Amino acid sequence: MGLDTKEYDAIIIGGGFGGVYHLHHLRKLGFNVHMFEAGSQLGGVWYWNCYPGARVDTECPVYQFSDSELFKDWKWTERYPGRDELRRYFDHVDKIWDLKKDISFNSRVTAAHWNKESSQWDVTVAQNQIGGTTELVARSKSILCCTGFASKPYTPPFAGMEKFQGIKYHTSEWPQEGVDLKGKRVGVIGTGASGVQVVQTVMPEVKELTVFQRTPNYALPMGQYKITDERNQEFKKNYPELVAKIRSTFAGFLYDFDSGECLKATEEERRELYERLYTTGGLHFWLGTYQDVLKNKEANDTAYKFWREKTIARINDPATAEILAPKVAPHPYGTKRVSLEQNYFEVFNKDNAHVVDVKKNPIETFTANGIRTADGKEHELDVVVLATGFDSISGGITLIDIRGEDGTSLKDKWAQGVWTYLGMTSVGFPNMFMVYGPQAPTAFATGPCSAETQGEWIGQCLSHMRDQKLTTIKPTEEAEAEWRTHVNDVGKQGLFSDTESWYFGTNIPGKPKEALNYMAGMQMYKQKCWESANNGYRGFIMA
Ligand code: N01
């Protein structure tokens, strides 16, 4: 085992939006920072998720850092950029911010133990090199877990998986060199954002496509278009206003919920708004709608009815339409992550595309040749795509053996539920910060906006500690308990908590059901964080 003899002020774990921003920002503030990244390039989910059709569903110019230096020489080509363009964006950021000199790639942090004697973190890193894996221990005053919310893939324990003779991959473990699907019989399990994108992308090249759907995705038309040079120029011209707007909305978008009330609107008014939001494309019909749609079942029913009407009009076979967009909504509209689609529903009009409702007809077992469902049918497959999601939000952090002051692991501390203060710190784990993690806006905000919002706070906190010659910060038990209660109280408002989803951890068997995100919006979150900082870091003990 090697020892990194440098002593860092901060070690950053992960090179996605969160890690990249913190490396740049903390360095600018004069800290000695190093990043360890498991992949061979920057991007985080945009490195790992190279499955067919991977694409962001936040429109540009929102999905980028706000630094105008970065945007000056950058042009977006599509309203919703694809994975390769996003990877190129990370390379561009690296070039302008000169990041790589402080990054070790192919370096997975496996453990971080608080060393009481030195008041530092001992960070164990497994480094993949030609000739094998070596272990390194690095020391740092603080650690920043920038592991993202979708870095621990989830594969359900289907019976007989080992018997399958074909190829199978989880979407986030797709080989970087790709998989040849031409002329193959392909099965896709899961219809979340990843599944929808895979299905609509691979359809033209496969011989036969079978989609195993447990819950329909209330997907909305993406409304993709090319971004012209003129449009890019316009963005640049209005950039300060765009950034100000992004920083003022609920989710860090350029739009917010409609100020009206669904149930007070007339039928015509409602129809007019719904048509406008739906045809604008993107997530407008979800996050630009009346606020009561996500709070009141009667209001929500109007949104589901509208979405269903639009959707079934695109599907030829009534039985298939009933599986993809059932008459009775399986859950309220928008209480599971809504995805953006490009001709997803039309896929099922092809003779060689099939959807299997695995809620009614579950997957019984994998066989050597494919998948057998409960009705006894064997679906013969050459390739299975596991688009089955993630142990989201908290899973990427607890994957690392993090041990705090008394040697307890964070995984054990969180076995019955997540405990944080402000979604960034946790009792017993001094000088550990979490970015884009649990009990923060995370899945209800964009990556870049979350990174900058939390980064500004963390940067100021570390600067304050340096100025005041303080060595440790940790939250109080009272502050942490209050935050947990507050996050869960907010999560219970509205219709979300009645729906099974990864927002509440219920996609993972045995994971406690709780609000994993702070769902009161970015503005309220910022207010809470700065209230603490501006009142002498209320809720924290600094020593
Ligand atoms: O994962 P998911 P994802 N048998 O958890 C099904 C972001 N993202 O990778 O809904 C059968 O949403 C499961 O069914 P159910 C984005 O935030 C963004 O698609 O639990 N099916 C579901 O259909 C997204 O929300 C982008 O009933 C099983 C699917 O697998 C998040 O990442 C692109 C099953 C999992 O869907 C995660 O998306 C990709 C079982 N045993 C991802 N277990 C963009 O920006 C699970 N499923 C566009």
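Below, all heavy atoms of this structure are taken into account, side chains as well, without hydrogens, waters or symmetry copies. Counting starts at 1 for both ligands and their atoms, in listed order. Remember, it's a predicted structure, so these values are computed and weren't measured experimentally.
In terms of heavy-atom proximity, Lys297 sits nearest to Pro332 at CD-CG, 4.5 Å.
Counting the atoms of ligand 1 from 1 in the order shown, those under 4.0 Å from a heavy atom of Tyr51 are 33 (C), 39 (C). Under a 4.0 Å criterion applied to the non-hydrogen atoms of Trp502, ligand 1 contributes the atoms 5 (O), 12 (O), 17 (O), 24 (C), 25 (O), 31 (C). Short contacts between ligand 1 and Thr191, defined as distances under 4.0 Å to a heavy atom of the residue, involve ligand atoms 22 (C), 23 (O), 29 (C). Those atoms of ligand 1 that come under 4.0 Å of a heavy atom in Phe390, given as number and element, are 9 (O). Residue-ligand proximity, Pro156 to ligand 1, at heavy-atom distances under 4.0 Å covers atoms 34 (C), 40 (C), 41 (N), 43 (N). Residue Val56 approaches ligand 1 through these ligand atoms, each under 4.0 Å from one of its heavy atoms: 45 (O).
The shortest N or O to N or O distance between Asp57 and ligand 1 is below 3.5 Å. Taking only nitrogen or oxygen atoms, main chain and side chain alike, Ala193 reaches within less than 3.5 Å of ligand 1. For ligand 1, the polar-atom distance check finds an N/O of Lys336 within less than 3.5 Å of one of the ligand's N/O atoms.
If you check each of Arg83, Arg214, Met222, Arg55 against atom 46 (C) of ligand 1, the one with the closest non-hydrogen atom is Arg214.
By the criterion of a heavy-atom distance under 4.0 Å, neither the backbone nor the side chain of Glu500 is placed next to ligand 1. Counting heavy atoms closer than 4.0 Å to ligand 1, residue Phe149 contributes side-chain atoms (C-beta onward) but none from N, CA, C or O. At a heavy-atom distance under 4.0 Å, atoms from both the backbone and the side chain of Ser194 approach ligand 1. The proximity of Ala54 to ligand 1, defined as any non-hydrogen pair under 4.0 Å, does not occur for either the backbone or the side chain.
Under the 3.5 Å distance criterion, with hydrogens and angles disregarded, a donor-acceptor pair is assigned to the side chains of Glu208 and His354.
Look at Gln197 and you'll find a heavy atom under 4.0 Å from some atom of ligand 1.
Taking the six-membered ring for Trp and the full ring otherwise, Phe149 and Phe390 have centroids separated by 6.0 Å or more.
Counting heavy-atom neighbours within 6.0 Å of Lys305 NZ, excluding the residue itself, gives a total of 12 or less. Summarising the local packing, CZ of Arg79 is surrounded by more than 12 heavy atoms from other residues, nucleotides or ligands at distances under 6.0 Å.
Remark: the backbone N or O of Ala443 is paired with a side-chain donor or acceptor of Asn517 at under 3.5 angstrom.
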Given salt bridge (charged side-chain N to carboxylate O under 4.0 Å, His left out), test Glu322 with Arg308 step by step and report yes or no.
CA-CA 10 Å; Glu322 182 55 24; Arg308 178 172 186 268; 3.5 Å; yes
